[in-house]
A.B. asks: 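Here's a structure for you.
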Amino acid sequence: METMKTDNGHALIDLRDVVKTYETGAGGVTVLKDITLQVQAGEFIGVVGPSGSGKSTLLNMITGIDRPTEGEVFVGDAPVHELSENQLARWRGRNVGVIFQFFQLLPTLTILENVMLPMDFCKVYKRRERKEKGMHLLEQVDIAEHAHKLPSGLSGGEQQRAAIARAIANDPPVIVADEPTGNLDTGTANEVFALFEGLVARGKTMIVVTHDRSLSSRTKRVLHLLDGYLHRDENNGKWTR
Ligand code: ADP
Ligand code: MG
């Protein structure tokens with residue numbers, strides 16, 4: 001495993017004493033209480049925990065979709081907790097791929113257009129290269145024949161493949177997935193997870209939230225969230241409780 005530090009001396013993903021409190025009508029609710037976590041480049045990590053334990057919130061800290069109340073979040077060279085909304089949007093587009101349970105494809109765009117969207121936004125590739133690159137990505141996830149259909153014309157598994165292609169469109173080093181197989185049957189879930197394993201084999205760093213222990217056991221390290229705290233488990237996915 002690569003234990004290389006980024007230029008700023010941090011692990012690829014480095015959370016320091018992260019606290020997240022949501023203000024509600026009934027007062028503050030602290031969802032993440034004191035999270036310190038280092039993820040090295042190339043790691044494949046599973047995150048498990050009961051519903052409401054803060055798994056999505058934890059991912060949102062890493063992607064900058066939400067901000068910590070206290071603490072620091074470094075991803076690559078970026079101090080994510082310090083970036084402005086504009087900086088975050090640009091940074092995220094190039095550096096983090098995000099995959100959701102319900103795919104979040106834009107319904108009025110074709111599959112190819114959905115996959116090209118992050119490329120159009122970030123301009124990592126020249127305009128004339130983007131379509132070819134998009135088709136190549138769809139070939140990688142095995143749905144090239146659906147390129148010109150709308151998302152509604154695809155099965156759930158095919159839509160998730162499209163969402164994976166979109167997540168890797170700008171070749172980000174980090175990919176996070178929030179219950180990506182929660183809406184898929186077992187066979188399709190296995191296929192989607194195999195795509196993740198392929199991405200890790202190609203050097204991506206992946207963090208996957210999943211309820212499915214047969215899937216989390218396929219990751220190299222499983223993190224358990226409980227009552228706002230992270231419980232480490234190096235025992236290849238076996239639950240310690
Ligand atoms: P999980 O993904 O593990 O199911 P979440 O991270 O979505 O959990 O949520 C953790 C807790 O934080 C839940 O109790 C949820 O209701 C609460 N929560 C999440 N987002 C907000 C928000 N924007 N405002 C208030 N409470 C929130
Ligand atoms: Mg969640």
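Quick note: numbers below take in every heavy atom, side chains included, and nothing from hydrogens, waters or symmetry partners.
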A.B. asks: I'd like to know if the side chain of Arg16 reaches the main chain of Gly71, judged simply by a donor and an acceptor atom lying under 3.5 Å from each other, with no hydrogens or angles considered.
C.D. replies: no

A.B. asks: For the residue pair Asn183 and Gln101, confirm or rule out a side-chain donor-acceptor distance under 3.5 Å.
C.D. replies: no

A.B. asks: What distance do Gln104 atom CD and Ile99 atom CD1 have between them, rounded to the nearest 0.5 Å?
C.D. replies: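 That separation rounds to 12.0 Å.
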
A.B. asks: Answer yes or no: is there a side-chain heavy-atom contact under 4.5 Å between Thr63 and Val174?
C.D. replies: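 Answer no - side chains too far apart.
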
A.B. asks: Are any of the side-chain heavy atoms of Arg221 and Leu223 separated by less than 4.5 Å?
C.D. replies: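 Yes, at least one pair of side-chain atoms sits under 4.5 Å.
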
A.B. asks: Out of Ile13, Leu58, Ile175, which one pairs with Ile207 under the side-chain contact (heavy atoms from CB on, under 4.5 Å) rule?
C.D. replies: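 Option passing the side-chain contact (heavy atoms from CB on, under 4.5 Å) with Ile207: Ile13.
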
A.B. asks: Measure from the side-chain N and O atoms of Thr188 to the backbone N and O of Leu184, and report whether any donor-acceptor pair falls under 3.5 Å.
C.D. replies: no

A.B. asks: Any chance you could measure Leu215, atom CG, to Phe193, atom CZ, to the nearest 0.5 Å?
C.D. replies: 5.0 Å

A.B. asks: Would you say the side chain of Lys55 lies within less than 4.5 Å of the side chain of Glu179, judging by non-hydrogen atoms?
C.D. replies: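 They are in side-chain contact.
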
A.B. asks: If you measure from the Lys or Arg side-chain nitrogens to the Asp or Glu carboxylate oxygens, is any gap between Arg67 and Glu85 under 4.0 Å?
C.D. replies: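 So Arg67 pairs with Glu85 through a salt bridge.
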
A.B. asks: Quick check on Lys131: does its NZ atom have over 12 non-hydrogen neighbours (other residues, nucleotides or ligands) under 6.0 Å away?
C.D. replies: no

A.B. asks: Tell me every residue that passes salt bridge (charged side-chain N to carboxylate O under 4.0 Å, His left out) with Glu82, counting only those two or more places apart in sequence or in another chain.
C.D. replies: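 Glu82 satisfies salt bridge (charged side-chain N to carboxylate O under 4.0 Å, His left out) with no other residue.
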
A.B. asks: Out of curiosity, Thr30 OG1 to Glu70 CD, how far, rounded to the nearest 0.5 Å?
C.D. replies: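 The CD atom of Glu70 is 8.5 Å from OG1 of Thr30, to the nearest 0.5 Å.
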
A.B. asks: Indicate, with yes or no, if Phe121 and Ile164 share a hydrophobic cluster defined by side-chain heavy-atom contacts under 4.5 Å among Ile, Leu, Val, Met, Phe, Trp and Tyr.
C.D. replies: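 Different hydrophobic clusters.
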
A.B. asks: Would you indicate whether the side-chain heavy atoms of Trp91 and Val96 approach each other to under 4.5 Å?
C.D. replies: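 Answer yes - side chains close enough.
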
A.B. asks: Does a side chain donor of either Asn190 or Arg218 reach within less than 3.5 Å of an acceptor in the other side chain?
C.D. replies: yes

A.B. asks: With a 6.0 Å cut-off (strictly less than), is the heavy-atom count around CD of Glu132, excluding the residue itself, greater than 12?
C.D. replies: no

A.B. asks: Is the side chain of Arg92 donor-acceptor paired with the backbone N or O of Gly64 at a distance under 3.5 Å, no angle test?
C.D. replies: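 The answer is yes, because a donor-acceptor pair under 3.5 Å joins these two groups.
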
A.B. asks: Which pair of heavy atoms, one from Gly228 and one from Ile35, lies closest together, and at what distance?
C.D. replies: O-CD1, 3.5 Å

A.B. asks: Ignoring hydrogens and angles, tell me if any N or O in the side chain of Thr219 forms a donor-acceptor pair with the backbone of Val222 under 3.5 Å.
C.D. replies: no

A.B. asks: CZ of Phe100 to OG of Ser56: how many Å apart, nearest 0.5 Å?
C.D. replies: 9.5 Å

A.B. asks: Please write out which residues are connected to Leu117 in a hydrophobic cluster, directly or through intermediates, given that two of Ile, Leu, Val, Met, Phe, Trp, Tyr count as joined at side-chain heavy-atom separations below 4.5 angstrom.
C.D. replies: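 Leu117 shares its hydrophobic cluster with Leu106, Leu109.
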
A.B. asks: Indicate the atoms forming the closest heavy-atom contact of Leu137 with Ala165, along with that distance.
C.D. replies: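 Minimum heavy-atom contact is CD1-O, 3.8 Å.
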
A.B. asks: Evaluate side-chain contact (heavy atoms from CB on, under 4.5 Å) for Val47 paired with Val208, printing each intermediate quantity in order.
C.D. replies: CA-CA 6 Å; Val47 179; Val208 183; over 6 Å; no

A.B. asks: Hey, does Met61 have a side-chain heavy atom less than 4.5 Å from the side chain of Leu32?
C.D. replies: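 In short, these two side chains touch, coming nearer than 4.5 Å.
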
A.B. asks: Linking I/L/V/M/F/W/Y whenever any side-chain heavy atoms sit under 4.5 Å apart, do Val73 and Leu88 land together?
C.D. replies: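 As far as the 4.5 Å side-chain criterion goes, Leu88 and Val73 are connected within one cluster.
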
A.B. asks: Can you find a side-chain donor-acceptor pair between Ser214 and Asp212 that sits under 3.5 Å?
C.D. replies: yes

A.B. asks: For the side chain of Asp17 and the backbone of Glu72, is there at least one donor-acceptor N/O pair under 3.5 Å apart?
C.D. replies: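 Flag not set: sc Asp17 to bb Glu72 has no pair under 3.5 Å.
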
A.B. asks: State, with a plain yes or no, whether a side-chain heavy atom of Asn114 is found less than 4.5 Å away from one of Pro151.
C.D. replies: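 The answer is yes, as the side chains (C-beta and beyond) meet within the 4.5 Å cut-off.
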
A.B. asks: Report yes if the side chains of Thr36 and Val18 come closer than 4.5 Å at any heavy-atom pair, otherwise no.
C.D. replies: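 Side-chain contact under 4.5 Å: no.
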
A.B. asks: Decide whether Met119 and Leu199 are clustered together by the hydrophobic rule: side chain heavy atoms of Ile, Leu, Val, Met, Phe, Trp, Tyr closer than 4.5 Å, transitively.
C.D. replies: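 Yes; tracing contacts between hydrophobic side chains, which count when under 4.5 Å, links both residues.
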
A.B. asks: Check the hydrophobic clustering (I, L, V, M, F, W, Y; side-chain heavy atoms under 4.5 Å; chains of links allowed) and say if Leu15 and Val19 are grouped together.
C.D. replies: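 Leu15 and Val19: separate clusters.
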
A.B. asks: Would Phe74 and His81 count as a ring pair (Phe, Tyr, Trp, His ring centres under 6.0 Å) here? Give the steps.
C.D. replies: CA-CA 8 Å; Phe74 299 92; His81 58 288; 5.3 Å; yes

A.B. asks: Do the side chain of Asn95 and the main chain of Pro172 share a donor and acceptor less than 3.5 angstrom apart?
C.D. replies: no

A.B. asks: Check whether Arg94 reaches the backbone of Cys122 with its side chain - one donor and one acceptor, N or O, closer than 3.5 Å.
C.D. replies: yes

A.B. asks: After noting the C-alpha distance and the side-chain angles of Val39 and Ile45, does the key distance pass the side-chain contact (heavy atoms from CB on, under 4.5 Å) rule?
C.D. replies: CA-CA 8 Å; Val39 177; Ile45 291 193; 3.6 Å; yes

A.B. asks: Quick one: do Val192 and Phe196 satisfy side-chain contact (heavy atoms from CB on, under 4.5 Å)? Show the steps, please.
C.D. replies: CA-CA 7 Å; Val192 162; Phe196 294 161; 3.8 Å; yes

A.B. asks: Examine distances only and state if a side-chain atom of Gln159 and a backbone atom of Leu154 form a donor-acceptor pair shorter than 3.5 Å.
C.D. replies: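 Indeed, once roles are kept as given, a pair shorter than 3.5 Å links the two residues.
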
A.B. asks: For a 4.5 angstrom cut-off between non-hydrogen side-chain atoms, does Leu112 reach Leu138?
C.D. replies: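 A side-chain contact under 4.5 Å exists here.
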
A.B. asks: Check this for me, if you would: do Lys220 and Glu43 make a salt bridge, where the nitrogen-to-carboxylate-oxygen distance has to be below 4.0 angstrom?
C.D. replies: no

A.B. asks: So, for Thr110 and Leu150, which heavy atoms are closest and what is the spacing to 0.1 Å?
C.D. replies: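 Shortest heavy-atom separation between Thr110 and Leu150 comes out as N-CD2, 4.0 Å.
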
A.B. asks: Taking the basic N atoms (NZ, or NE/NH1/NH2) and the acidic carboxylate oxygens, is any pair closer than 4.0 Å for Asp171 and Arg202?
C.D. replies: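 Salt bridge absent between Asp171 and Arg202.
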
A.B. asks: Between Thr57 and Asn60, is any side-chain donor less than 3.5 angstrom from a side-chain acceptor?
C.D. replies: no

A.B. asks: Tell me if the NE2 atom of His136 is crowded by more than 12 foreign heavy atoms within 6.0 Å.
C.D. replies: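 At most 12 heavy atoms, drawn from other residues, nucleotides or ligands, come within 6.0 Å of this atom.
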
A.B. asks: Between Leu195 and Arg161, does a side-chain contact (heavy atoms from CB on, under 4.5 Å) hold up when you go through it step by step?
C.D. replies: CA-CA 9 Å; Leu195 286 175; Arg161 285 169 182 270; 3.9 Å; yes

A.B. asks: How far apart are the closest heavy atoms of Pro180 and Gln160, and which atoms are they?
C.D. replies: O-NE2, 2.9 Å

A.B. asks: Is Arg130 paired with Asp120 through a side-chain N to carboxylate O contact shorter than 4.0 Å?
C.D. replies: yes

A.B. asks: Would a distance-only check, ignoring hydrogens and angles, find a side-chain to backbone donor-acceptor pair under 3.5 Å from Thr21 to Val29?
C.D. replies: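 Judged by distance alone, no pair lies under 3.5 Å.
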
A.B. asks: Would you mind checking if Asp66 and Lys20 are paired as a salt bridge, meaning a charged N to carboxylate O distance below 4.0 Å?
C.D. replies: yes

A.B. asks: Any idea which heavy atoms bring Ala162 and Leu105 closest together, and the distance?
C.D. replies: CB-CD1, 4.1 Å

A.B. asks: Look at the side-chain heavy atoms of Ile, Leu, Val, Met, Phe, Trp and Tyr, link any pair under 4.5 Å apart, and say whether Met135 and Ile111 land in one connected group.
C.D. replies: yes

A.B. asks: So does Ala41 get a backbone contact from the side chain of Lys204, meaning a donor-acceptor N/O pair under 3.5 Å?
C.D. replies: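 Not at all, since once roles are kept as given, no pair shorter than 3.5 Å links the two residues.
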
A.B. asks: Please find the pair of heavy atoms, one from Gly49 and one from His211, that lie closest to each other, and give the distance.
C.D. replies: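 So the two residues come closest at O-NE2, 3.9 Å.
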
